[in-house]
Amino acid sequence: MHIGHLIRNVLDEKRISVRQFAMMANSERTNMYRILDRESIDLSVLERYSRILDHNFFQDLSDEYKKQYKNS
């Protein structure tokens, strides 16, 4: 699972622009675009983004893990 794509999907669902998200995260817009391009992310950063966006990314990752390895 590409975490940057997952974050981008949540932003789109909540109709939050990258600029708005950057402001919410007290970060630069260009940095946010780099995050959205990443396949992985530090867990503490992901936890922070989960709180900011009120979305449990860890649950998404867990669900994907179960789905992938259940079929193995």
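Just so you know, these numbers use all the heavy atoms, side chains as well, and skip hydrogens, waters and symmetry mates. Fair warning: this is a prediction, and the values are worked out from it, not measured in the lab.
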Please verify the inter-ring angle class for Tyr65 with Tyr69; under 30° counts as parallel, over 60° as perpendicular, anything in between as tilted.
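Ring orientation, 0 to 90° scale: tilted.
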Flag, side chain of [X] to backbone of [Y], donor-acceptor distance under 3.5 Å:
X     : Y     : value
Ser50 : Leu46 : yes
His2  : Arg38 : yes
His55 : Phe57 : no

Any [X] side-chain heavy atom under 4.5 Å of [Y] side chain:
X     : Y     : answer
Tyr49 : Val10 : no
Arg48 : Asn26 : yes
Glu64 : Asp60 : no

Roughly how far, to the nearest 0.5 Å, is the [atom2] atom of [Y] from the [atom1] atom of [X]?
X     : Y     : atom1 : atom2 : result
Leu11 : Leu6  : CG    : CG    : 10.0 Å
Arg34 : Arg29 : CZ    : CZ    : 10.5 Å
Asp37 : Ile7  : CG    : CD1   : 11.0 Å
Asp42 : Glu47 : CG    : CD    : 10.5 Å
Leu53 : Phe21 : CG    : CZ    : 4.5 Å
Met32 : Ile35 : CE    : CD1   : 6.0 Å

Take atom [atom1] of [X] as the centre, draw a 6.0 Å sphere, and report whether it contains more than 12 heavy atoms from other residues, nucleotides or ligands.
X     : atom1 : value
Glu28 : CD    : no
Met23 : CE    : no
Asp54 : CG    : no

Between the side chains of Gln59 and Asp63, is a donor N or O closer than 3.5 angstrom to an acceptor N or O?
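Looking only at side-chain atoms, Asp63 and Gln59 do form a donor-acceptor pair, the distance falling under 3.5 Å.
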